[in-house]
Amino acid sequence: MPTAASGAEGADASPEGRPLSVAIRERLQFANRRFHANDNIADFIHDEAELDALQDEVAERMQALLESLVIDTESDHNTQDTARRVARMYLNEVFAGRYRKAPAMTEFPNVEKLNELLVVGPITVRSACSHHFCPIMGRLWIGVLPNADSNLIGLSKYARLADWIMSRPQIQEEAVKTLADELERRLVPDGLAVVMKADHFCMHWRGVKDESQMTSSVMRGAFLRNASLRREFLGLI
């Protein structure tokens, strides 16, 4: 199967009049890579110049959307730069976890062979529902039972990694699983638990306009097998 690098070379890097999004999509398809809303596609964007060009394209498409909504962006001073602001927000802020590579993670050896429960949280998280692009705002907790021979990561890196995963359009259930997969791959712990509780503005702001929250969890390894460990973690959050 082609690698990310060969996939990037398999499509025209200079679109020559085509939208840049078409070239990026072809790179992904050539490499047989999925590009769902919650997937990271940073390996298929060559450099910052391409990201800037993609932002310009999104701004152009956003301007067309505003015009279809019959919003006068010429005489309305509040919306004259809205298309550009929205494009910058999507690519560099709220969906940055889709277009940027993973944050650097400082690892250090587990010199003391720690194998007791570690709980991190609450971490404030912000995401967006891929159904309506409405905000998901909440908190999450991470429980780790380290392996005596695996590496550890710095405390702040849990928050950075969570922000990278959450900064994509997605549904909460899948977001929690994606974060758990990433942590498990990096830490190789004996047990891992992730719990997230969040408000969904696709429900608060529209539809039934209800104020209820969603809580979802993922339990792996020792947290699945050991009920007392699971109760200890849940009791601490």
Side-chain angles (χ1 to χ4, degrees), residues 1-5 7 28 31-45 94-110 114-115 117-131 136-198 200 214-226 229-230 232-234 236-237:
M1 181 179 295
T3 64
L28 287 154
N32 197 27
R33 281 282 297 272
R34 200 183 79 165
F35 50 101
H36 290 184
N38 60 339
D39 290 326
N40 179 274
I41 61 170
D43 285 344
F44 297 87
I45 299 173
V94 297
F95 297 158
R98 177 169 167 74
Y99 303 101
R100 300 283 184 179
K101 294 183 184 294
M105 303 291 286
T106 303
E107 296 186 8
F108 50 93
N110 188 359
L114 302 174
N115 62 354
L117 174 62
L118 167 69
V119 179
V120 180
I123 298 171
T124 300
V125 292
R126 303 163 185 85
S127 192
C129 172
S130 52
H131 296 160
I136 298 172
M137 312 286 285
R139 300 188 298 171
L140 67 80
W141 295 260
I142 299 167
V144 178
L145 188 66
N147 181 286
D149 296 318
S150 64
N151 282 351
L152 304 174
I153 62 173
L155 180 61
S156 67
K157 302 306 183 289
Y158 289 96
R160 292 184 185 277
L161 191 62
D163 181 66
W164 181 67
I165 294 292
M166 293 297 161
S167 296
R168 308 172 190 182
Q170 56 200 325
I171 62 173
Q172 180 175 333
E173 301 94 312
E174 293 178 355
V176 171
K177 178 183 180 301
T178 302
L179 177 58
D181 290 345
E182 189 70 21
L183 286 167
E184 196 167 37
R185 182 183 70 80
R186 291 171 178 271
L187 300 176
V188 196
D190 287 339
L192 178 71
V194 181
V195 173
M196 177 174 169
K197 183 175 183 179
H200 289 243
M214 173 184 282
T215 301
S216 52
S217 67
V218 172
M219 303 286 170
R220 304 272 174 85
F223 287 92
L224 274 178
R225 299 188 299 269
N226 189 328
L229 176 65
R230 190 163 60 248
E232 181 183 358
F233 167 67
L234 294 173
L236 289 171
I237 67 174

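From a predicted model like this one, the values you see are computed outputs, not experimental measurements. We're numbering straight along the sequence, starting at 1.
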Review point. Hey, are the side chains of Ser127 and Gln172 touching, using non-hydrogen atoms and a 4.5 Å cut-off?
Key: no
Exercise. Show your working on side-chain contact (heavy atoms from CB on, under 4.5 Å) between His131 and Ile171 and close with a plain yes or no.
Key: CA-CA 8 Å; His131 296 160; Ile171 62 173; 3.9 Å; yes
Residue pair Arg139 / Val125, side-chain heavy-atom distance below 4.5 Å
no
**OP:** Would you please test Asp43 and Lys101 for salt bridge (Lys or Arg N to Asp or Glu O under 4.0 Å) and show each step?
**Re:** CA-CA 7 Å; Asp43 285 344; Lys101 294 183 184 294; 2.5 Å; yes
query: How about Val144 and Val120: do any of their side-chain heavy atoms sit closer than 4.5 Å?
result: no
Is the shortest side-chain heavy-atom distance between Leu179 and Met196 below 4.5 Å? no
CG (Leu187) and CG (Leu145) are apart, to the nearest 0.5 Å, by 11.5 Å
Distance col, row Lys157:NZ vs Leu152:CG, nearest 0.5 angstrom, shows 13.0 Å
Here the pair of heavy atoms bringing Ala37 nearest to Ser130 is CB-CB, 4.2 Å
*asked:* Using a 3.5 Å distance criterion without hydrogens, assess whether the side chain of Arg98 forms a donor-acceptor pair with backbone atoms of Asp39.
replied: yes
So OG1 of Thr106 and CZ of Arg160: to nearest 0.5 Å the spacing works out to 9.0 Å
Rounded to the nearest 0.5 angstrom, the CE-CD distance for Met105 and Glu182 is 8.0 Å
Original post:
Should the heavy atoms of other residues, nucleotides or ligands under 6.0 Å from NZ of Lys197 be counted, would the total exceed 12?
Top reply: no
query = Can you find a pair of side-chain heavy atoms, one from Val218 and one from Phe223, that are under 4.5 Å apart?
reply = no
Thr178 and Arg168 have their tightest heavy-atom pair at CG2-NH1, 4.5 Å
**Prompt:** Are Met219 and Val195 close enough that some pair of their side-chain heavy atoms sits under 4.5 Å apart?
**Reply:** yes
Exercise. Salt bridge between Asp181 and Arg185, side-chain N to carboxylate O under 4.0 Å?
Worked result: no
Tell me, yes or no, whether the heavy-atom count around Arg186 atom CZ, taken from other residues, nucleotides or ligands under 6.0 Å, exceeds 12.
yes
All heavy atoms of Leu229 vs all of Ala222, minimum pair found to be CD2-CB, 3.7 Å
Rounding to 0.5 Å, atoms CG (Leu140) and OG1 (Thr124) come to a distance of 8.5 Å
Checklist entry - Below 4.5 Å, heavy atoms only, C-beta onward: do Phe233 and Asn226 meet side chain to side chain? => result no
Heavy-atom nearest pair, Glu107 first then Ile153, reads CG-CG2, 3.9 Å
Do Leu236 and Leu117 come within less than 4.5 Å of each other through their side chains, counting heavy atoms only? yes
Taking every heavy atom of Ala162 against every heavy atom of Ile123, the minimum-distance pair comes out as CB-CG2, 4.4 Å
Rounded to the nearest 0.5 angstrom, the CG-CD1 distance for Asn38 and Ile165 is 9.0 Å
Between Arg100 and Ala42 the two heavy atoms that sit nearest each other are C-CB, 3.6 Å
Test side-chain contact (heavy atoms from CB on, under 4.5 Å), reference Asn40, set Phe35, Trp164, Tyr99, output is Trp164
